[in-house]
> 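Dropping the structure in here first, questions after.
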Amino acid sequence: MSFQFSNRVPKSDSDPVGDILKVAGSPDIISFAGGLPAPELFPVEALKQAADKVFDKNGRSALQYASAIGNPDLRNQITQRMNRQGINCDVDNIMITTGSQQSIDLTAKMFVNPGDTVIVEKPTYLCALDVFKSYGAHIVGVEMDDDGMKMADLQQAVADNPNTKFIYTIPNFQNPTGRTMTAERRQQMVEIANKADIMIMEDDPYGAIRFAGDDIEPVKYYDTEDRVIYLSTFSKILAPGLRLGWMVMNKDLMPKYSLMKQSADVHSDNLTQYIVAQFMADNDIDDHISKIRNVYRQREKVMMAAIEKSFPAGVHYSHPQGGLFIWVEVPGDIDTIELFKTCVGHNVAFVPGEPFYPDKVTPGTFRLNFSNMSEDQIKVGIKRLGDAIKETIGVGQRAKVTEQS
Ligand SMILES: Cc1ncc(COP(=O)(O)O)c(C=O)c1O
């Protein structure tokens, strides 16, 4: 039988990132590859109690079909959180989704025809790139520095691509770089979007996990024309297996999103929505988030200290103030896949930079995750990584030759 796939389906079955994660998952390897939250912080007992209460009080309605836009109690609680974070919205602006991944997919489905331009940070979240590609988007990457997307380059990209539908940005502790966009640039991004009459998709899974520095208002806070679609998720502040996220959008978009959501999955898991709403009614979720922050702050600190001790001079790395990731740039024309193989030989793993780039890849780049390993594993793993980098760029060899001669 020959399968006649649509143009949306990738031509090849190869899954380089899946293959990397498989190798990284071997028990001997200390893996900084995945983007997994620390499972020991999942509030298992409190969620169990919330689930028990839901079954006792609302079992039948929680197991019934429900509305596409989501559970009203949960949408109310999210509205209050959003208001506290500087987003001016009410419950009619909020839709529950099956994680931010679905919010990205629905938004691309809603706005992108084949050939339309989507502007992204370079590098960016690889699964968003996969979604945009599947809808035939022309993806334009804009360079970043430590302050986020460069606004002059964004301005140019918008001018060069009059068919741009939206800018996709991860302003806080970006995946993969850990960088945060300044308040000034957030405001400029909105001004550029206003002038060009294009939308912004603000993807913010990590903003609540700030462990250093001061909070910065979301891009949506600067949104004067209601053109920013803001996405967030319970994946990093509660647990990713819940598969619950939310969108804050212009009310006029709600009926169309509701229709698109119905055809995608009718609605997000109703039982899970009830449970999370009950959890939030009975517990202070900010208390829980501050526990996550404390652990990640410490792990990032340990990783940073180990990097400073073990990496050779000239290697650059980001200094995140929150989130889950550090971005490393090894100078020279390093093939990161080869470096990955050397690292696996040293029983340590990361995600090479390649899949995060929409076009030309910057060699020698890779992403490290610090949320999912113990402090001892971080110390040992970073030492191994430093040794592998030195081996690859020849620091040890040069030293040995000099000693012998
Ligand atoms: C930037 C970004 N957006 C979206 C997602 C998907 O999150 P969710 O689990 O809510 O689907 C992730 C997951 O790691 C992410 O890093």
Side-chain angles (χ1 to χ4, degrees), residues 17-18 20-21 31-39 41-42 70 74 78 81 94-109 118-134 139 141 144 148-149 166-181 200-210 218-220 228-248 261 264-265 268-269 272-273 276 289 292 296 318 320 322-327 350-351 353 355-358 367-372:
V17 178
I20 284 164
L21 293 177
S31 175
F32 304 123
L36 303 184
L41 295 171
F42 296 157
L74 186 60
I78 289 171
R81 278 191 75 69
I94 309 281
M95 182 166 111
I96 304 295
T97 58
T98 306
S100 285
Q101 192 62 36
Q102 184 181 50
S103 311
I104 297 169
D105 185 69
L106 288 177
T107 302
K109 199 185 223 176
V118 171
I119 296 179
V120 302
E121 284 141 359
K122 187 160 88 175
T124 191
Y125 175 46
L126 64 98
C127 298
L129 289 176
D130 289 343
V131 170
F132 302 149
K133 279 180 208 154
S134 77
I139 305 174
M144 308 172 81
M149 206 186 254
F166 56 78
I167 303 163
Y168 170 73
T169 182
I170 309 161
N172 293 311
F173 326 122
Q174 197 237 19
N175 183 1
T177 65
R179 292 170 182 148
T180 292
M181 187 170 23
I200 297 174
M201 180 175 6
E202 176 178 21
D203 185 9
D204 188 25
Y206 305 109
I209 316 214
R210 176 179 278 283
V219 178
K220 180 120 189 91
V228 178
I229 297 180
Y230 174 94
L231 329 177
S232 195
T233 172
F234 288 104
S235 288
K236 306 301 184 313
I237 58 173
L238 268 186
L242 297 166
R243 307 307 307 131
L244 276 189
W246 66 91
M247 306 178 69
V248 187
K261 168 87 178 144
D265 62 355
S268 297
D269 184 323
T272 312
Q273 294 185 64
V276 172
I289 295 172
I292 299 176
Y296 291 5
S318 59
L324 277 64
F325 305 113
I326 295 174
W327 185 243
F350 54 74
V351 182
F356 299 103
Y357 284 92
R367 189 191 76 179
L368 293 176
N369 164 269
F370 52 79
S371 59
N372 191 245

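Atoms within a ligand are numbered from 1 in the order they appear, just like the ligands themselves.
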> Taking only heavy atoms of Thr233, which atoms of ligand 1 are found under 4.0 Å from at least one of them?
8 (P), 10 (O)
> So, using salt bridge (charged side-chain N to carboxylate O under 4.0 Å, His left out) as the criterion, who are the partners of Arg81 when residues are at least two apart?
Asp286
> State whether the shortest distance between N or O atoms of Thr98 and N or O atoms of ligand 1 falls below 3.5 angstrom.
no
> Looking at residues at least two apart in the chain, or sitting in another chain, which of them share a salt bridge (charged side-chain N to carboxylate O under 4.0 Å, His left out) with Arg179?
Asp146, Glu329
> Determine, considering heavy atoms only, which of Phe173, Tyr125, Tyr206 sits nearest to atom 16 (O) of ligand 1.
Tyr206
> Does a donor on one side chain sit under 3.5 Å from an acceptor on the other, for Ser103 and Thr97?
yes
> Taking only heavy atoms of Gly99, which atoms of ligand 1 are found under 4.0 Å from at least one of them?
10 (O), 11 (O)
> Do the non-hydrogen side-chain atoms of Pro358 and Lys133 ever get within less than 4.5 Å of each other?
no
> Say whether, by atom type as modelled, one donor and one acceptor occur between the side chain of Ser268 and the main chain of Leu244 under 3.5 angstrom.
no
> Test your reading of the model: is there a side-chain donor-acceptor pair from Glu121 to the backbone of Ile170, 3.5 Å cut-off?
yes
> For atom 7 (O) of ligand 1, what is the nearest protein heavy atom, given as residue, atom name and distance?
Ser100 CB, 3.9 Å
> Return the closest protein heavy atom for atom 1 (C) of ligand 1 as residue, atom name and distance.
Asp203 OD2, 3.3 Å
> Answer yes or no for Pro205: is there a heavy-atom contact with ligand 1 below 4.0 Å?
yes
> Quick check, are the ring centers of Tyr125 and Phe325 under 6.0 angstrom apart?
no
> Does ligand 1 have any atom that is closer than 4.0 Å to a heavy atom of Gln174?
no
> Kindly identify the option in Ser235, Ser103, Pro240 whose heavy atom sits closest to atom 9 (O) of ligand 1.
Ser235
> Quick one: which ligand 1 atoms are inside 4.0 Å of a heavy atom on Ile170?
1 (C)
> Identify the protein heavy atom lying closest to atom 11 (O) of ligand 1, giving its residue, its atom name and the separation to 0.1 Å.
Arg243 NH2, 2.8 Å
> Below 4.0 Å, non-hydrogen atoms only: which portion of Lys236 touches ligand 1? Side chain, backbone, both or neither.
side chain
> Is any side-chain heavy atom of Pro240 less than 4.5 Å from a side-chain heavy atom of Pro37?
yes
